[in-house]
Colleague: 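Structure incoming, see below.
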Amino acid sequence: LNISLPESYLIGLSILLFVIAILVGRQFFRTRKDEMRLIELEKNVIGNSSNAGELYELGSVQLRKRLYPQATATLKKALKEIKEEPNEAKALIENAIGFSLAAQNDFKSAIIHYKLAIKIKSDYPVALNNLAFAKKRMLANDEAFSIYQNVLKIDPNNKTALRESERISKSNKNNNLEKSINSKGF
């Protein structure tokens, strides 16, 4: 095989374009699937909005599509309609509402919903991680660190809790170093 430089360049470029086409195609079909599911769920919910499961699914699709205000309203409606579902379902909905509110930078309200989710299901690492994130955004780093440590007690291999607690720990060390330097008159 004797391939010249221009031929190898064209082969490499063709392979790169093929991979890009596959990735774009996958994303297109995922987006299309979400849009079709959104339309289907909206039609079902408009006709019969008393099913908490369908409302939660619609809210989840709206979250994936980044329609946060609509998702918040849909998930709150799902919370009102919940009847015979287990408490775990209510915790999922509360966490999703908190996530939607946090995405809109309403961290105070998000914290309330995360706490409700944790009250319902105390060993819920996703809600705990979300609560810690919201606390961190509200500049309550000590509380956030404590919550991340609780997550690590539940799930020692939780990557989010490990990464974020390490970040907070480094941040606190840097802040303490700055305070000591400033107190010495530098």
Side-chain angles (χ1 to χ4, degrees), residues 26-27 29-138 140-141 143-168:
R26 282 182 54 206
Q27 186 62 35
F29 286 116
R30 270 194 204 140
T31 303
R32 180 83 175 131
K33 180 182 170 188
D34 277 348
E35 287 175 357
M36 295 304 290
R37 188 68 183 143
L38 182 65
I39 291 169
E40 179 185 328
L41 286 169
E42 283 177 343
K43 285 181 184 176
N44 288 345
V45 167
I46 289 171
N48 180 17
S49 64
S50 62
N51 186 346
E54 280 186 354
L55 288 168
Y56 174 73
E57 191 175 350
L58 174 60
S60 297
V61 173
Q62 289 170 331
L63 284 174
R64 280 195 303 271
K65 298 291 291 172
R66 294 190 171 120
L67 303 170
Y68 300 120
Q70 295 93 322
T72 303
T74 302
L75 291 166
K76 284 182 178 179
K77 188 185 277 188
L79 197 58
K80 288 178 186 173
E81 297 296 329
I82 212 165
K83 291 179 181 126
E84 297 174 12
E85 280 82 5
N87 280 341
E88 203 167 283
K90 191 172 182 180
L92 281 171
I93 293 172
E94 289 286 2
N95 184 55
I97 293 170
F99 179 83
S100 181
L101 291 166
Q104 298 173 66
N105 292 324
D106 186 2
F107 294 106
K108 286 184 180 180
S109 299
I111 287 171
I112 292 168
H113 288 282
Y114 292 143
K115 285 181 176 180
L116 288 171
I118 294 165
K119 185 178 178 183
I120 295 167
K121 185 178 180 205
S122 61
D123 61 338
Y124 188 12
V126 175
L128 286 166
N129 277 335
N130 290 340
L131 175 62
F133 173 79
K135 289 284 190 177
K136 187 176 169 189
R137 290 296 299 265
M138 297 290 293
N141 285 345
E143 290 179 56
F145 183 78
S146 172
I147 294 167
Y148 282 128
Q149 293 305 308
N150 289 341
V151 172
L152 291 173
K153 287 177 187 172
I154 296 168
D155 180 10
N157 297 324
N158 189 300
K159 292 178 183 178
T160 303
L162 286 168
R163 182 182 66 241
E164 293 299 322
S165 62
E166 189 174 314
R167 272 189 192 158
I168 293 171

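Quick note: residue numbers are just sequence positions, from 1.
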Colleague: Nearest 0.5 Å please: distance from the CG atom of Leu131 over to the CG atom of Asn95.
Modeller: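 Interatomic distance, Leu131 CG to Asn95 CG, rounded to 0.5 Å: 10.0 Å.
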Colleague: If every non-hydrogen atom of Leu101 is compared with every non-hydrogen atom of His113, which pair is closest and at what distance?
Modeller: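 Looking at all heavy atoms of both residues, the closest pair is CD1-CD2, 3.4 Å.
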Colleague: Rounded to the nearest 0.5 Å, what separates atom CZ in Arg32 from atom CE in Met36?
Modeller: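 Here the interatomic distance stands at 5.0 Å.
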Colleague: For Gly59 and Ala71, work out which heavy atoms get closest and say how close.
Modeller: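 Heavy atoms of Gly59 and Ala71 come nearest at O-CB, 3.7 Å.
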Colleague: Among all residues two or more places apart in sequence or in another chain, which pass the side-chain contact (heavy atoms from CB on, under 4.5 Å) test with Pro125?
Modeller: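 Pro125 satisfies side-chain contact (heavy atoms from CB on, under 4.5 Å) with Val151, Ile154, Asn158 only.
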Colleague: Side chains of Asn51 and Glu81: closer than 4.5 Å at any heavy-atom pair?
Modeller: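 Heavy-atom side-chain distance check fails, nothing below 4.5 Å.
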Colleague: Can any side-chain N or O of Tyr114 pair as donor or acceptor with the backbone N or O of Asn129 at less than 3.5 Å?
Modeller: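 No; zero donor-acceptor contacts below 3.5 Å.
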Colleague: Hey, is Glu166 close enough to Arg163 for a salt bridge, meaning N to O under 4.0 Å?
Modeller: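 Between Arg163 and Glu166 there is no salt bridge, as every charged N stays at least 4.0 Å from the carboxylate O atoms.
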Colleague: May I have the list of side-chain donor-acceptor pairs in residues 115-124 shorter than 3.5 Å, sequence neighbours left out?
Modeller:
none

Colleague: Passes side chain to side chain contact (heavy atoms under 4.5 Å, CB included), Lys136 versus Asn141? Steps please.
Modeller: CA-CA 5 Å; Lys136 187 176 169 189; Asn141 285 345; 3.5 Å; yes
Colleague: Taking CD in Glu88 as the centre, count heavy atoms belonging to other residues, nucleotides or ligands within less than 6.0 Å. Is the count above 12?
Modeller: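 Atom CD in Glu88 is not packed in, count stays at 12 or less.
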Colleague: Is a side-chain donor or acceptor of Thr72 paired with a backbone partner of Tyr68 at a separation under 3.5 angstrom?
Modeller: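 Such a contact is found between Thr72 side chain and Tyr68 backbone.
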Colleague: Can you sort out the partners of Arg37 under salt bridge (Lys or Arg N to Asp or Glu O under 4.0 Å), two or more places apart, ordered by chain and number?
Modeller: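 Glu40, Glu57.
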Colleague: Does any part of the side chain of Leu67, heavy atoms only, come nearer than 4.5 Å to the side chain of Leu38, both counted from C-beta?
Modeller: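 Contact flag for Leu38/Leu67 side chains = yes.
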Colleague: From Ile112 CD1 over to Phe107 CZ, what is the distance, rounded to the nearest 0.5 angstrom?
Modeller: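 The distance works out to 14.0 Å.
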Colleague: Atom CD of Glu164 and atom CD1 of Ile147: how far apart are they, to the nearest 0.5 Å?
Modeller: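 It is 12.5 Å, given to the nearest 0.5 Å.
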Colleague: Can you check side chain to side chain contact (heavy atoms under 4.5 Å, CB included) on Lys65 and Gln70, steps first, answer last?
Modeller: CA-CA 10 Å; Lys65 298 291 291 172; Gln70 295 93 322; over 6 Å; no
Colleague: For Ser165 and Leu152, which heavy atoms make the closest approach, and how far apart are they?
Modeller: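 Answer, listing the atom of Ser165 first, then Leu152: OG-CD1, 4.0 Å.
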Colleague: Rounded to the nearest 0.5 Å, what separation is found between the OG1 atom of Thr31 and the NZ atom of Lys33?
Modeller: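 Spacing of OG1 (Thr31) from NZ (Lys33) equals 11.5 Å.
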Colleague: Is the shortest heavy-atom distance from the side chain of Gln62 to the side chain of Leu75 under 4.5 Å?
Modeller: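 A side-chain contact under 4.5 Å is absent here.
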Colleague: Once rounded to the nearest 0.5 Å, what's the spacing between atom CZ of Arg64 and atom CG of Asp34?
Modeller: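 If we round to the nearest 0.5 Å, Arg64:CZ and Asp34:CG are 4.5 Å apart.
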Colleague: Looking at every non-hydrogen atom in both residues, tell me the closest pair between Ser100 and Leu63 and how far apart they are.
Modeller: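 Between these two residues, the closest heavy atoms are CB-CD2, 3.6 Å.
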Colleague: How close do Ile168 and Ala144 get, counting heavy atoms only, and between which atoms?
Modeller: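 Reported closest heavy-atom pair: CD1-CB, 3.8 Å.
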Colleague: Can you name the closest pair of heavy atoms from Tyr56 and Ala78 and give their distance?
Modeller: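 Where Tyr56 meets Ala78 most closely, the heavy atoms are N-CB, 3.9 Å.
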